[in-house]
Amino acid sequence: MNNRKVRVRFAPSPTGPLHMGGVRTAFFNYLFAKKNNGTFILRIEDTDQARYVDGAEDYIIESLKWCGIEIDEGIEEGGPYGPYRQSDRKEIYKEFAESLIESGNAYYAFDTPEELEEMRERLKEEKNSVQQYNAVTRGDMKNSLTLSEEETNNLISKGEQYVIRFKMPEDENIIVEDIIRGTVKVNTNQLDDKVLFKSDGMPTYHLANVVDDHLMKISHVIRGEEWLPSLPLHVMLYRAYGWQETQPEFAHLPLLLKPSGKGKLSKRDGDALGFPVFPLEWTDPKTGEVSRGYREDGYFPEAFVNMLALLGWNPGTEEEILSMRDLTSSFDLNKVHKAGAKFDHEKAKWFNHKYLVGKSDEKLARLYQKILKEKGIKVEDSFVIKVVSLIKERANFVSEFWDQSWFFFQAPKEYDSKVVKKGWKDNTPGVLSELKKQLEKLEIFDHDNLEKTIQLFLEGKEIGMGQIMNPLRLTLVGAGIGPGVLEIAELIGKEETLKRLQAGIDNIRKE
Ligand code: GLU
């Protein structure tokens, strides 16, 4: 690494909700900045007005906040190199585009869409493998290279539509080192004369991106692999401006792949296979369509970012549960893989489970109380804390707690017929009635005393454990689910246990 101060940016375009791949890009930038005492910048790249989507910018910012990705410089935070939204920097770019014309690295082009189409058709007929505006074709087109200076100035002052194109040199090898991909080598003959500036006064992505990275003193560009094809042009732009000395280093992150490993992970995969691809729920402002989010699905942000961090990178140890602090201290851009990273929804749930069981029962109880309140259940925190401690191992999400524990809060209203059929014998009501008498005598109604009493009872009657425990669970829970039946009895207490026991004796019938 060079010795520059580390300054990295996440530069999303507000064209819709942020895909989880985008969150990972932001996160890797953030981790890299933290690891190197650097600065993490959020720059909004909104020069393509046609693709602008209302609400997307706020969504991006809220997503980063939820993930715990702190922005050092950005549109809300400000900073010494602002503004940080490209549409607010509009004035800056024109000058930079024109300076390229002056230095002979760019030119005005006046071709209409029809003329461009004609060129493509002609090249196709001539069986040219490439049909683009480049060193070979630009000489036949309507631009400031083929027109005189006077003609060019006339057209511009007449208000003719134009673009500024980069003048890609002919037959040169561009060689760049990418931190992840190694040496990238491209011949300029494969590249076209990209549009840098449009007559609507807006730069294109390429110009604005490179100019801003330079002005904002970006040291490392860490972005998705889909931008690798733009890299040679960007390098040529640095050269054209004479900015090679401070050109950032580049790292292109591997794609996030579908669970099958075939192709890029898309929203459609999530819809088909039942998982979110966005960090937060998103409502499309035009269609009203709602896309689910990790937050609303009940993921903890720490679990989500831990899972994301290990898509395409790992610290080289077996350890998978890594806190933000672990991640920032061990992150290494040089160890990011080249190959695409397969997304695994089951693994994502596993991460959430790990974070869930790692939380204190008090914290989980607080979260669960919200759900209980919605259900109209009023219950002491201390009780919920005990419930949570018994069931959390069985859950991936707090939202699953209810299904795992509703019987702590209310008596069963029905009895699972399958369990009845299997475990409820003709003599069960009689046996349970006798047991109930023993339990009534218990002064301390806790797990250990219950166990001792039942043990003695079983020995006296010479019957097996199953003949008591399964029917007992049925009376308390109504089904064959839940944690230890004696733990349940202890927690719901003597009165409730005996009540449910009696209700079961009275009501459970084999069909
Ligand atoms: N605005 C681009 C995007 O939407 C930024 C790409 C880059 O980081 O250079 O991803």
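Numbers here simply count residues along the sequence, with the first being 1. Since we're looking at a predicted model, the values are computed, not measured. As the structure lists them, so they are numbered: ligands from 1, and atoms in each ligand from 1.
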Peer 1: Does A11 reach ligand 1 with a nitrogen or oxygen that is under 3.5 Å from one of the ligand's nitrogen or oxygen atoms?
Peer 2: yes

Peer 1: By the definition ring pair (Phe, Tyr, Trp, His ring centres under 6.0 Å), identify the one residue from F351, Y294, F27 that meets it with F304.
Peer 2: Y294

Peer 1: Which residue and atom name correspond to the protein heavy atom nearest atom 3 (C) of ligand 1, and how close is it?
Peer 2: W227 CZ2, 3.3 Å

Peer 1: How far is atom 8 (O) of ligand 1 from its nearest protein heavy atom, and which residue and atom is that?
Peer 2: R9 NH1, 2.7 Å

Peer 1: May I ask whether E226 has any heavy atom positioned less than 4.0 angstrom from an atom of ligand 1?
Peer 2: no

Peer 1: Quick one: which ligand 1 atoms are inside 4.0 Å of a heavy atom on E45?
Peer 2: 1 (N), 2 (C), 5 (C)

Peer 1: For F401 and I371, what are the C-alpha separation, side-chain angles and deciding distance, and is it a side-chain contact (heavy atoms from CB on, under 4.5 Å)?
Peer 2: CA-CA 9 Å; F401 281 1; I371 297 175; 5.8 Å; no

Peer 1: Taking everything shown except R122 itself, do over 12 heavy atoms lie less than 6.0 Å from its CZ?
Peer 2: yes

Peer 1: Could you check if a side-chain atom of E57 sits within less than 4.5 angstrom of a side-chain atom of I44, using non-hydrogen atoms only?
Peer 2: yes

Peer 1: Using a 4.0 Å cutoff against the non-hydrogen atoms of Y205, which atoms of ligand 1 qualify?
Peer 2: 2 (C), 5 (C), 6 (C), 7 (C), 9 (O)

Peer 1: Which ligand 1 atoms are under 4.0 Å away from a heavy-atom of N209?
Peer 2: 7 (C), 9 (O)

Peer 1: Tell me, which protein residue and heavy-atom name are nearest atom 7 (C) of ligand 1, and how many Å apart are they?
Peer 2: R223 CD, 3.4 Å

Peer 1: Using only atom types and a distance under 3.5 Å, with no angle test, would you say the side chain of D48 pairs donor to acceptor with the backbone of T204?
Peer 2: no

Peer 1: Tell me, yes or no, whether the heavy-atom count around K198 atom NZ, taken from other residues, nucleotides or ligands under 6.0 Å, exceeds 12.
Peer 2: yes

